[in-house]
Amino acid sequence: MEQYIRSLVEKSVQGVLADGTVNESGRRGLVIGNWKMNMSIEEAALLFEGMKGEAPACDVAVCPPFPLLYPVKVMLAQFQDQIVLGAQNMHWADQGAHTGEVSASMLKELDCRYVILGHSERRQAGETDEEVNLKVKQALSEGLQPVLCVGETKEEREQGRSGEVVISQLHAGLDGVENVNSVVVAYEPVWAIGTGLAATPEQAQDVHRTIRQTLTNQFGDAAARVPLLYGGSVKADNALSLAVMDDIDGALVGGASLIAVEFKGVIDGFSRG
Ligand SMILES: O=C[C@H](O)COP(=O)(O)O
């Protein structure tokens, strides 16, 4: 075990360039916390109190529920852009009669940098590939960075269809997208979300390699710069083992992003990988 940990650390050190924040491909680590339908304003303030300290050596964002976006934007001022804001969803229209929805420009006005799109919890609630694609294109046109989520269910994995499902979701989500420079892709196997049963680093890397190849086929060399995040039961104690894999550039974190010590641990993991 000790040797295994040492080999992970050695591998991670090899991937760190002079400024200690990027891997050999030049991709900086990116950790995004998805709070889902959790947290009050007071709990958010407590979380950030626990997050104070050294500047993270990777990019960090949090995606609160809509009513918390403005209060969290105010709270994040203390971190001076070391932690930025994202949202969990948006509508594809500019504006109009869409009760209960928010637009990309509204998120942009609140200084959101990222927006999570096509999360499996939304797909399970009926969101289609076509809707995800409209949202991705609208986010890009408004200057937001879409975090396009893809991932297979347990049944699809058991049928050996993980690659096929992910490729199909990528093709659909990025249909008509010409420039991939602002896109982030998150691989979130549905069976790993909130279960405590994370994909092994090898399982995740295997799918991430497929994602990178699919992006390369569509976008050429630019695909090498797209951050690929893994999501599904990422915690402080498994972050480093994921971060050392070639195509895992960061994490989309649910439960562990609600606990300061856990979230900091994940950030630390991806600051070395
Ligand atoms: O968006 C985040 C994912 O759904 C992962 O959630 P989790 O870290 O609680 O498994």
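As the structure lists them, so they are numbered: ligands from 1, and atoms in each ligand from 1. What's counted below: heavy atoms across the whole structure, side chains too, no hydrogens, waters or symmetry copies.
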Pair W191, E155: side-chain N/O donor-acceptor within cut-off below 3.5 Å: no
4.0 Å heavy-atom contact, K36 with ligand 1: yes
L215 vs L228 side-chain heavy atoms within contact, under 4.5 Å: yes
Which residue and heavy atom of the protein sit nearest atom 9 (O) of ligand 1, plus the separation: G255 N, 2.8 Å
Enumerated ligand 1 atoms positioned under 4.0 Å from heavy atoms of G232: 5 (C), 10 (O)
Candidate with minimal heavy-atom separation from atom 10 (O) of ligand 1, of G254, G194, P189: G194
Sub-4.0 Å heavy-atom approach of A256 to ligand 1: no
Any donor-acceptor N or O pair under 3.5 Å, side chains Q88, H119: no
Residue part near ligand 1, for N34, under 4.0 Å between non-hydrogen atoms: side chain
Polar proximity ligand 1 side, I193 side, N/O cut 3.5 Å exclusive: no
Any N/O pair S233/ligand 1 closer than 3.5 Å: yes
N/O donor-acceptor pair under 3.5 Å between Y230 side chain and A199 backbone: yes
Plane angle bin for Y187 and H208 - parallel if under 30°, tilted between 30 and 60°, otherwise perpendicular: perpendicular
Polar atom proximity, T195 to ligand 1 (N or O, under 3.5 Å): no
Donor-acceptor contact below 3.5 Å, side chain Q169 vs main chain V166: no
Ionic contact status for E262 with K235, cut-off 4.0 Å: no
Nearest protein heavy atom with distance in Å, relative to atom 2 (C) of ligand 1: E188 OE2, 3.1 Å
